[in-house]
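Taking it in order: structure first as structure tokens, then the write-up.
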Amino acid sequence: MINLEEVLEMWKKDSVIDDMNLDDASKNAAKLHAKYLEFVSVTKLMLKKRRAERETLKKDKWLWYMGKMPKEDMDKRGWPYDPFNGLKIMKSDIDYYEKADPELQKIDATVLYLETTLEALIEIMENLKWRHQTIKNMIEWKKFTSGV
């Protein structure tokens with residue numbers, strides 16, 4: 001999985017524009033774009049996969065909670081035959097159990113992490129999209145301050 005902290009550390013370094021080497025900064029813009037575009041693409045695919053896994057797990061948990069899951073499947077997953085330990089609950093209460101389920105919470109945390117990573121990467125891509133304008137402004141400022 002893509003590590004958000006590592007991406008942010010890379011961006012701290014990659015975002016710096018050396019005003020003494022603006023030509024290099026301009027040349028490197030495409031490389032940076034390709035680098036972060038790859039991260040965006042991979043993160044989107046991972047997020048889609050995790051969301052699909054969550055939906056499958058949610059369906060399996062629903063079958064288990066409703067007493068409709070075969071015992072062989074419960075044995076395979078290591079889930080007890082009675083998810084409520086003898087309690088009688090109403091169908092409307094299933095949602096509370098799903099929200100408190102550790103396996104669903106774990107996958108939800110992964111989905112949230114990937115969503116946050118994707119948001120950060122999209123912000124980086126937005127910055128890169130306008131990098132040429134920033135470089136142009138820096139050149140114009142140098143011209144202005146030098147009296148050209």
Side-chain angles (χ1 to χ4, degrees), residues 1-66 68-70 72-80 83-84 89-148:
M1 182 160 54
I2 291 176
N3 185 310
L4 177 59
E5 291 78 21
E6 289 176 10
V7 168
L8 294 175
E9 272 305 309
M10 280 188 274
W11 180 239
K12 280 181 187 175
K13 294 173 187 163
D14 293 340
S15 66
V16 175
I17 299 174
D18 181 1
D19 65 343
M20 297 306 292
N21 292 307
L22 293 175
D23 56 335
D24 288 340
S26 183
K27 290 178 206 171
N28 288 333
K31 289 179 190 174
L32 290 174
H33 185 271
K35 175 182 175 178
Y36 289 98
L37 180 62
E38 182 179 350
F39 290 151
V40 167
S41 300
V42 169
T43 304
K44 280 184 178 181
L45 291 172
M46 290 172 65
L47 181 57
K48 188 172 181 93
K49 180 181 177 188
R50 292 294 182 265
R51 285 178 175 158
E53 288 172 359
R54 189 204 188 285
E55 292 306 311
T56 300
L57 181 60
K58 189 174 177 180
K59 177 203 55 114
D60 291 343
K61 289 288 185 169
W62 182 85
L63 289 171
W64 180 53
Y65 289 139
M66 298 303 292
K68 298 179 181 199
M69 180 175 273
E72 304 82 48
D73 289 348
M74 287 184 262
D75 290 338
K76 192 183 334 177
R77 290 175 173 83
W79 295 349
F84 307 113
I89 65 159
M90 297 174 21
K91 283 185 181 181
S92 61
D93 292 337
I94 296 294
D95 189 46
Y96 296 113
Y97 284 87
E98 282 181 345
K99 288 178 181 174
D101 187 280
E103 288 178 278
L104 287 169
Q105 287 178 340
K106 184 177 177 182
I107 204 162
D108 283 345
T110 303
V111 166
L112 180 61
Y113 185 85
L114 288 169
E115 287 172 344
T116 304
T117 302
L118 184 58
E119 288 171 11
L121 288 166
I122 288 170
E123 283 294 319
I124 290 169
M125 291 296 287
E126 277 297 308
N127 185 284
L128 286 170
K129 184 165 88 173
W130 295 103
R131 192 173 187 96
H132 69 284
Q133 190 63 43
T134 302
I135 293 169
K136 179 180 180 264
N137 289 344
M138 292 172 81
I139 292 169
E140 293 298 320
W141 180 252
K142 281 184 172 231
K143 285 181 186 177
F144 176 75
T145 58
S146 66
V148 176

When the side chains of residues 141-148 are checked against the rest of the protein, which donor-acceptor pairs come out under 3.5 Å, sequence neighbours left out?
| from | atom 1 | to | atom 2 | distance (Å) |
| --- | --- | --- | --- | --- |
| Lys142 | NZ | Asp19 | O | 2.7 |
| Thr145 | OG1 | Trp141 | O | 3.0 |
| Thr145 | OG1 | Lys142 | O | 3.2 |
| Ser146 | OG | Lys142 | O | 2.9 |
| Ser146 | OG | Lys143 | O | 3.1 |

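- For the atom pair NZ (Lys44) and CG (Leu47), the distance works out to 10.0 Å, reported to the nearest 0.5 Å.
- Residues Asp60 and Thr56 are in side-chain contact: their nearest non-hydrogen atoms beyond the backbone lie under 4.5 Å apart.
- Taking the side chain as every heavy atom from C-beta outward, Thr117 and Leu121 approach each other to under 4.5 Å.
- Residue Asn28 holds its CG atom at 9.5 Å from CG of Asp23, rounded to the nearest 0.5 Å.
- For the pair Ile124/Phe39, no side-chain contact is recorded, criterion being any heavy-atom separation below 4.5 Å from C-beta on.
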Quiz item: Stepwise, does the salt bridge (Lys or Arg N to Asp or Glu O under 4.0 Å) test hold for Glu55 with Lys58?
Solution: CA-CA 5 Å; Glu55 292 306 311; Lys58 189 174 177 180; 5.4 Å; no
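- Applying the ring-ring contact (aromatic ring centres under 6.0 Å, His included) rule to pairs touching residues 93-135 yields Phe84-Tyr97, sequence neighbours excluded.
- Atom CE of Met74 and atom CD of Glu72 lie 8.5 Å apart (nearest 0.5 Å).
- Distance alone, capped at 3.5 Å, places no donor-acceptor pair between the Ser26 side chain and the Leu22 backbone.
- Atoms CD1 and CG, on Ile135 and Asn21 in that order, are 11.0 Å from each other to the nearest 0.5 Å.
- When every heavy atom of Trp64 is checked against every heavy atom of Pro80, the shortest pair comes out as NE1-O, 2.7 Å.
- Side chains of Arg131 and Leu128 form a contact here, defined as non-hydrogen atoms less than 4.5 Å apart.
- Taking NZ of Lys61 as the reference point, atom CZ of Arg54 lies at 11.0 Å (rounded to 0.5 Å).
- Note that the CD atom of Glu123 and the CG atom of Leu118 stand 11.0 Å from one another [nearest 0.5 Å].
- Residues Arg50 and Glu115 are not paired through a salt bridge, judged by the lack of any N-O separation under 4.0 Å between the basic side chain and the carboxylate.
- Met69 is listed as a side-chain neighbour of Trp79, based on a closest heavy-atom distance under 4.5 Å.
- The residue from Leu57, Asp93, Leu104 that alone fulfils the side-chain contact (heavy atoms from CB on, under 4.5 Å) condition with Glu98 is Leu104.
- Residues Asp18 and Asp24 are not in side-chain contact: their nearest non-hydrogen atoms beyond the backbone lie 4.5 Å or more apart.
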Sequence neighbours left out, cut at 3.5 Å: what donor-acceptor pairs do the side chains of residues 6-17 make with other protein atoms?
| from | atom 1 | to | atom 2 | distance (Å) |
| --- | --- | --- | --- | --- |
| Glu9 | OE2 | Lys12 | NZ | 3.3 |
| Asp14 | OD2 | Lys35 | NZ | 2.7 |
| Asp14 | OD2 | Tyr36 | OH | 2.6 |
| Ser15 | OG | Trp11 | O | 2.9 |
| Ser15 | OG | Lys12 | O | 3.3 |

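- Remark: Lys106 does not engage Glu103 in a salt bridge, criterion side-chain N to carboxylate O under 4.0 Å.
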